[in-house]
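In listed order, ligands and their atoms are each counted from 1.
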Amino acid sequence: MDINELLKGKTDCACGKVHSCDIKHVIIKSGAADEVHTICGDFNNIIIAADQNTFATCGERVVKSLGDKVEAIKIFECEGFLIPNEDAIDALDAFVSDKTDLIIGIGSGVINDLCKYVSFKNDLPYYIVATAPSMDGYASVGAAMITGGMKTTFNARVPAAIIGDVDILKDSPMDMIKSGFGDIIGKYSALNDWRLAHEVIDEYICEYVYNLTYDTVLKTRALAGGIEKRDPETIKTLMEALVIVGIAMAYVDNSRPASGSEHHLSHYFEITGIIKGRDYLNHGLDVVYSTVETQTMREKIVALGTMPEDVYKFDREKWVASIKESYGSAADGVIALQDKMNYYGRGLENVYREKWDKIIEILKDTPTVAELNEILATAGLDFEYYNKFYGRDVIDDADLYAKDLKDRYTVLWVYFTLFAK
Ligand SMILES: [Zn+2]
Ligand SMILES: [Zn+2]
């Protein structure tokens with residue numbers, strides 16, 4: 001799939017929606033860091049933002065490519081990881097002048113989020129020079145920031161350009177490469193949830209975007225063996241996949257094609273980890289292991305054969321107590337969200353009974369746990385690591401209560417109805 005074709009959008013989709021994307025340029029190739037100037041024609045006062053590690057990868061090359069177009073360079077010096085909080089926002093903001101016409105971030109997750117946020121706040125475009133193929137957030141509108149000590153995702157905008165130099169990307173930390181791979185493999189679960197939501201709650205689906213994302217997953221899956229070898233073609237295809245999934249999200253104006261139950265589990269580990277001071281894995285690793293976990297849940301549902309007569313009856317008092325135990329200080333927000341969404345009061349068990357065969361057919365349409373474990377093994381990942389890292393109690397709790405964090409319908413709701421006690 002040619003990314004530059006995708007950037008043009010699609011106006012004749014059978015779903016009836018006009019699909020568009022605000023990204024103007026994508027350059028993913030060896031030597032891309034030396035070509036940034038080729039897409040900066042109209043910009044003459046450019047601020048460059050990086051941290052000391054990401055600047056070290058290709059900062060000088062980008063600066064050299066831009067010549068006298070560079071207005072200022074902000075390099076965050078930090079011990080450990082840069083945190084995208086108020087201090088970081090103010091520090092970058094201070095560099096923006098009346099003349100500034102573009103912000104270019106050099107980095108991955110945090111630098112991308114920070115530049116996305118600050119450029120949006122100042123109504124400026126931004127470009128990202130990606131330094132690791134670590135997640136699909138390069139091309140997304142959301143900027144995940146830590147403000148007031150809490151993680152919040154702000155709706156900002158996509159970068160006007162994504163530049164990925166394969167020579168830099170392939171030398172990024174192996175865990176970040178595996179994370180990007182994991183984020184893509186997780187789409188098996190996300191796409192299945194989309195289909196399920198279409199069937200159960202009649203949510204909008206676009207077959208074109210579904211297939212675009214699915215084909216991207218297949219292409220990435222086929223490359224699993226090149227991940228640990230840092231094979232340049234593999235890394236290039238992985239980075240392209242991460243951008244294509246971002247475009248898929250832009251096409252439908254939300255993250256549905258890319259984020260379902262597997263992301264909900266990963267957000268559960270992250271949020272309860274922050275609240276309870278428990279460690280959590282990096283994003284894509286959490287997602288790919290959680291993909292095995294949600295597949296285990298699908299297989300448990302399928303194994304029931306027929307829909308059981310007795311299913312869970314919602315007991316609000318019991319539920320509130322469980323949410324408080326799981327979420328601690330964040331429980332009130334979770335309860336308010338579910339009161340608003342009212343999934344518990346919709347009588348979904350009747351829909352399950354009525355559409356059981358169709359639901360089972362959908363749930364079967366994913367790679368099995370055994371197949372997923374094989375894909376993971378080829379890329380040097382092992383589900384047992386996740387089991388040991390979090391422990392079965394925490395994962396079991398996520399299986400039942402991660403769904404409550406989100407407004408999105410996924411297989412976690414079916415599972416809860418059938419397996420909650
Ligand atoms: Zn469509
Ligand atoms: Zn993700």
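No cation-pi contact links R316 to Y344, judged by a cut-off of 6.0 Å to the six-membered ring centre and 45° from its axis. Annotation: cation-pi geometry not satisfied between K403 and Y343 (NZ/CZ under 6.0 angstrom from ring centroid, within 45° of ring axis).
Summarising the geometry, atom OH belonging to Y126 is positioned 11.0 Å from atom CD1 belonging to I111; distances are rounded to the nearest 0.5 Å. Note: S134 OG to H283 NE2 = 9.5 Å, rounded to the nearest 0.5 Å.
At the Zn ion (ligand 1), the angle from SG in C206 to NE2 in H19 is 110° when rounded to 10°. Centred on the Zn ion (ligand 1), the SG atom of C13 and the SG atom of C15 lie at an angle of 110°, reported to 10°. Rounding to the nearest 10°, we obtain 100° for the angle at the Zn ion (ligand 2) between D183 OD2 and H283 NE2.
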